[in-house]
Amino acid sequence: MNIGIIQARLFSSRLPGKIMLEVCGKPLLEHMITRVKHSKKLDDVIVATSVNKLDDLIEDWCQKHQIKCFRGPEQDVLKRFKLAKDFFNGDTIIRLCSDCPLMDPKIIDDVLGIYESNNYDFVSNLFPLVGRTFPDC
């Protein structure tokens, strides 16, 4: 099962709470989830937030909007992803950042297609050694 895991937290040094700021009447996180759900290759979309009390707002919002949410370590994001993958029985993780409301679902499908067609352990749409070909999210 391919699961898109959106890492989300409210603490930000530059713009705290940015994922819950409203654009066109909806929080940026909602715009992100709506776009990601248009992927044809994702079986599920999950928000993975931290156990920090500040992030209760994210979990509450997810419950209200019937979005699956997982809470894990605040500092160890890799462990949070692993625990979320295991909790929701995912096979393949698609790592997504919550502050990319313009995520293109076709790019998600293209990257997953490359992964599924080859014997890779990891595929990314960013390769810093040759320069960025996609925006950094």
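These values consider heavy atoms only, across backbone and side chains, with no hydrogens, waters or symmetry-generated copies.
- To the nearest 0.5 Å, atom OG of residue Ser39 and atom CD1 of residue Ile107 are 11.5 Å apart.
- The shortest side-chain heavy-atom distance between Ile19 and Ile58 falls under the 4.5 Å cut-off.
- Between atom CG of residue Leu28 and atom CD1 of residue Ile33 there is a gap of 11.0 Å, rounded to the nearest 0.5 Å.
- Atom OH of Tyr115 sits about 7.0 Å away from atom CG of Asp121, to the nearest 0.5 Å.
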Chi angles and distances behind the salt bridge (charged side-chain N to carboxylate O under 4.0 Å, His left out) call for Lys64, Asp60: CA-CA 6 Å; Lys64 180 180 175 185; Asp60 293 344; over 6 Å; no
Step-by-step side chain to side chain contact (heavy atoms under 4.5 Å, CB included) determination, Cys69 to Thr49: CA-CA 7 Å; Cys69 184; Thr49 193; 4.0 Å; yes
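- In plain terms, the two heavy atoms of Ala48 and Ala84 that are nearest each other are CB-CB, 4.5 Å.
- By the 30° and 60° cut-offs, the orientation of the rings of Phe88 relative to Phe70 is perpendicular.
- Under a hydrophobic clustering in which Ile, Leu, Val, Met, Phe, Trp and Tyr are joined whenever their side-chain heavy atoms come within less than 4.5 Å, directly or via other members, Met103 and Ile5 fall into different clusters.
- Two residues are said to be in side-chain contact when any heavy atoms from C-beta on lie closer than 4.5 Å; Arg9 and Asn52 fail this criterion.
- A 4.5 Å side-chain heavy-atom check between Ile6 and Leu29 finds at least one atom pair inside the cut-off.
- More than 12 heavy atoms of other shown residues, nucleotides or ligands fall within 6.0 angstrom of atom NZ in Lys18.
- Annotation: the span from Glu30 atom CD to Cys62 atom SG amounts to 10.5 Å, rounded to 0.5 Å.
- Cluster annotation: Phe87 is connected to Ile93 through the hydrophobic network of ILVMFWY side chains, with a link wherever side-chain heavy atoms come within less than 4.5 Å.
- Proximity of Asp56 to Arg71: side-chain heavy atoms (C-beta onward) are separated by under 4.5 Å at one or more points.
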CA sep, side-chain torsions, deciding dist, call: Cys97, Gln7, side chain to side chain contact (heavy atoms under 4.5 Å, CB included): CA-CA 5 Å; Cys97 299; Gln7 64 186 41; 3.9 Å; yes
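- Remark: Thr92 OG1 to Lys41 NZ distance equals 10.5 Å, nearest 0.5 Å.
- When all heavy atoms of Leu42 and Ile3 are compared, the pair lying nearest together is CD2-C, 3.9 Å.
- No path of Ile, Leu, Val, Met, Phe, Trp and Tyr side chains, each step under 4.5 Å between heavy atoms, connects Ile108 with Met1, placing them in separate hydrophobic clusters.
- At least one side-chain heavy atom of Lys37 sits under 4.5 Å from a side-chain heavy atom of Ile67.
- Taking a cutoff of 4.0 Å between a charged side-chain nitrogen and a carboxylate oxygen, Asp76 and Arg80 do not qualify as a salt bridge.
- Cluster membership check: Trp61 shares its hydrophobic cluster with Val45, using side-chain heavy-atom separations under 4.5 Å among Ile, Leu, Val, Met, Phe, Trp and Tyr.
- Placement of Val23 and Leu10 in two distinct hydrophobic clusters is found when ILVMFWY residues are connected by side-chain heavy-atom separations under 4.5 Å, directly or transitively.
- In the displayed structure, His65 atom NE2 is contacted under 6.0 Å by more than 12 heavy atoms of other residues, nucleotides or ligands.
- The structure places NE2 of His31 at 8.0 Å from CD of Glu22, a figure rounded to the nearest 0.5 Å.
- The closest side-chain heavy-atom distance from Val36 to Ile94 is not below 4.5 Å.
- Under a 4.0 Å N-O distance rule, the pair Asp109/Lys106 does not qualify as a salt bridge.
- You'll find the side chain of Pro73 reaches within 4.5 Å of the side chain of Leu83, heavy atoms only.
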